[in-house]
Amino acid sequence: MLTLKYIEENAALVVERLKVKHFDAAAIVQQIQEANQQRKETQARVDALKAEMNRLSNEIGQLFKEKKMDEANRAKMKTVELKDEIKALDTTFADTEAKLNELVVQLPNLPHQLVPEGRTAEDNLEIRSGGIIPQLPEGKKPHWDLIQQYDIIDFELGTKLTGAGFPVYKGKGAKLQRALISFFLDEGEKAGFLEVQPPILVNEDSGFGTGQLPDKEGQMYHATADNLYLVPTAEVPVTNMYRDVILSEDQLPVKNMAYTPCFRREAGSWGAHVRGLNRLHQFDKVEIVEIAHPDHSYEILDSMVAHVENLISKLELPYRIIRLCGGDMSFTSAMTYDFEVYSAAQERWLEVSSVSNFETYQANRLKCRYKGKDMKKPELAHTLNGSALALPRIVAAILENNQSPEGIRIPKVLVPYCGFELIS
RNA sequence: GGAGAGAUGGCAGAGUGGUCGAUUGCGGCGGUCUUGAAAACCGUUGACCGUGCGAGCGGUCCGGGGGUUCGAAUCCCUCUCUCUCCGCCA
């Protein structure tokens, strides 16, 4: 969420910038200003009353010590009325703060200056592309057919065990998963990321910290008996490691990565275009997360983009990097790059990574701050994250692009991890 | 799952109704001494909100929430978590 202070000082700018996201903030901002004014006035009054109360209490204590019981009792009488007033005002104050908070969380993050105008994916800006789109022979097959042909992933079996969208990987299919995860983690380590293995069930506080709650509750699987949520991405546990933390400036940037399975309910988003591996309820992903100094977060965003690009290049997949337009960006992001790889049998671009700078938006909710030696107060840090990478669509593209009558060729970098060169 | 103990500032650890945001030690920061460093000594050392140009002033915070009281770190209720012993177990 945006900070109150920022909204207060830049009300017009907030409204203006959010137009890029096609969000009309005028009414909410005005309500925030009013509620904030009320909050301040209420606090001034209640603080004055409390100060008076504290003064009286001390006085009474003093009188008791001096055994002046009559005077003490007289002073006590004066506190009765004060107490009621304070109680009433405290309630008003709490209500106002709650209302204020409710309003503030409705505002999305401000897009960065470089974010293009636009409403839909059509308006996104291609930054660059790489790799070569393969010319497949007649009779090319989409990955769901190849999967069956080589018996490496079993969707029906997963349906039997759990339900649609929970595939069972078998044999070389399973090994390929393991190879990709190891490859991604090893590359991440070379790039300076510290590997962590977080829990894949998180509590409510963590859900709120990264913004999945309260709005996107329906996206997560909920273990109600213990009130825990299955993570939709490692972003949730990894970023929440820094909830309520004040880092020292020289610890920045913090670079973490984690492999986790990810669970998404994806309610109501099924259809022909999500066949096979294109969309699943459970999938594997390596996520990179950085906590950055505000002055350097965009350099870091670029370095994360470079890291992801390096992974895709090494996998020999044709890709393009896209800067999302205002309308296509997430609620919480200030700038997002999507990576898409070309899946040559479906003849479609598939999103395999999304790399974002949230600036202070997440950090404010998380209360993730840093403090330098010369700083009087801690300041909010910037948080960034990205997929590096999500497996299923990478697998889909590898299968489709590398197919031949002899079988599916494994990209060179994965061969040492797989122990085979061909799925046949 | 059963029984017991506990949760205090970056850490350790006092404090059981009255100027306690909290003794003390360690750590951190600044200084004296030193060619430099260590040691020693001196000083300093939390977060949040409001108010003020500012020095400052006021308020809140001793795991979370509620209560008793003029007054709560301290008493009561409740929730969460941690530790010890027993049971179970990868």
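Labels below follow one simple rule: chain letters A, B, ... track the order of the sequence lines, proteins then strands, and each chain is numbered from 1. Since we're looking at a predicted model, the values are computed, not measured.
If you check every strand for non-hydrogen atoms under 4.0 Å, A/Lys377 touches sugar and phosphate atoms only. A/Arg369 comes within 4.0 angstrom of sugar-phosphate atoms only, judged by non-hydrogen atoms across all strands, and of no base. Contact annotation for A/Asn73: no contact, since no heavy-atom pair falls under 4.0 Å across all strands. Across all strands shown, A/Lys367 has no heavy atoms under 4.0 Å from either base or sugar-phosphate atoms. Residue A/Ala75 is out of contact with every strand shown, counting any heavy-atom pair closer than 4.0 Å. Nucleic acid contact class of A/Ile60 (heavy atoms, under 4.0 Å, all strands): base. Contact annotation for A/Ser57: base contact, defined as any heavy-atom pair under 4.0 Å involving a base atom.
For A/Arg409, the CZ atom is densely surrounded, since the number of other residues' heavy atoms within 6.0 Å is greater than 12. Counting heavy atoms of neighbouring residues, nucleotides and ligands inside a 6.0 Å radius, atom CD of A/Glu34 exceeds 12 of them.
Taking atom C1' in both B/U19 and B/G58, one finds a spacing of 16 Å when rounded to whole Å. Between B/G13 and B/G67, the distance separating the two C1' atoms is 30 Å to the nearest Å. The separation of B/C11 from B/G87, taken at their P atoms, amounts to 35 Å, rounded to a whole angstrom. For B/U84 and B/C70, the C1' atoms lie 42 Å apart once the distance is rounded to whole Å. Distance noted for atom C1' between B/C26 and B/U35: 30 Å (whole Å). Rounded to the nearest Å, the gap between the P atom of B/C42 and that of B/G6 is 37 Å. Taking the P atoms as reference points, B/G59 lies 15 Å from B/G71, given to the whole Å. On the C1' atoms, B/C57 is 24 Å away from B/C62, given to the nearest whole Å.
Remark: A/Lys160 does not engage A/Asp154 in a salt bridge, criterion side-chain N to carboxylate O under 4.0 Å.
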Evaluate side-chain hydrogen bond (donor to acceptor under 3.5 Å, both in side chains) for A/Glu400 paired with A/Gln346, printing each intermediate quantity in order. CA-CA 8 Å; A/Glu400 293 186 13; A/Gln346 297 183 68; 3.1 Å; yes
I'd like to know whether A/Gln362 forms a side-chain hydrogen bond (donor to acceptor under 3.5 Å, both in side chains) with A/Glu235, so could you lay out the CA-CA distance, the side-chain angles of the two residues, the decisive distance to 0.1 Å, and finally the verdict. CA-CA 11 Å; A/Gln362 268 187 342; A/Glu235 169 197 348; 2.8 Å; yes
Could you go step by step and tell me if A/Gln251 and A/Tyr370 meet the side-chain hydrogen bond (donor to acceptor under 3.5 Å, both in side chains) rule? CA-CA 9 Å; A/Gln251 288 177 275; A/Tyr370 74 97; over 6 Å; no
Chi angles and distances behind the side-chain hydrogen bond (donor to acceptor under 3.5 Å, both in side chains) call for A/Ser206, A/Arg243: CA-CA 8 Å; A/Ser206 295; A/Arg243 168 153 49 86; 2.9 Å; yes
Set out, in order, the CA-CA distance, both residues' side-chain angles and the distance that settles salt bridge (charged side-chain N to carboxylate O under 4.0 Å, His left out) for A/Lys99 and A/Glu102, then state yes or no. CA-CA 5 Å; A/Lys99 187 170 127 199; A/Glu102 215 171 277; over 6 Å; no
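When only modelled atom types and interatomic distance are considered, A/Gln403 and A/Lys141 share no side-chain donor-acceptor pair under 3.5 Å.
Counting only heavy atoms from C-beta outward, the side chains of A/Thr360 and A/His382 approach each other to under 4.5 Å.
Remark on RNA chain B: of its neighbouring residues A/Arg39 and A/Lys50, the 5'-side contact belongs to A/Arg39, judged by nearest-heavy-atom nucleotide. Place A/Val80 and A/Arg55 on RNA chain B by their nearest nucleotides, and A/Arg55 ends up nearer the 5' end.
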Watson-Crick or G-U pairs under 3.5 Å in RNA chain B, rendered as dot-bracket with [ ] for crossing pairs and | for another strand: ((((((((.[[[..)..(.....]]]((((((.......))))))((((((....)))))).[[[[[..)....]]]]])))))))....
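The span of RNA chain B lying next to chain A, judged by atoms under 4.0 Å from heavy atoms, is bounded 5' to 3' by B/G18 to B/G71.
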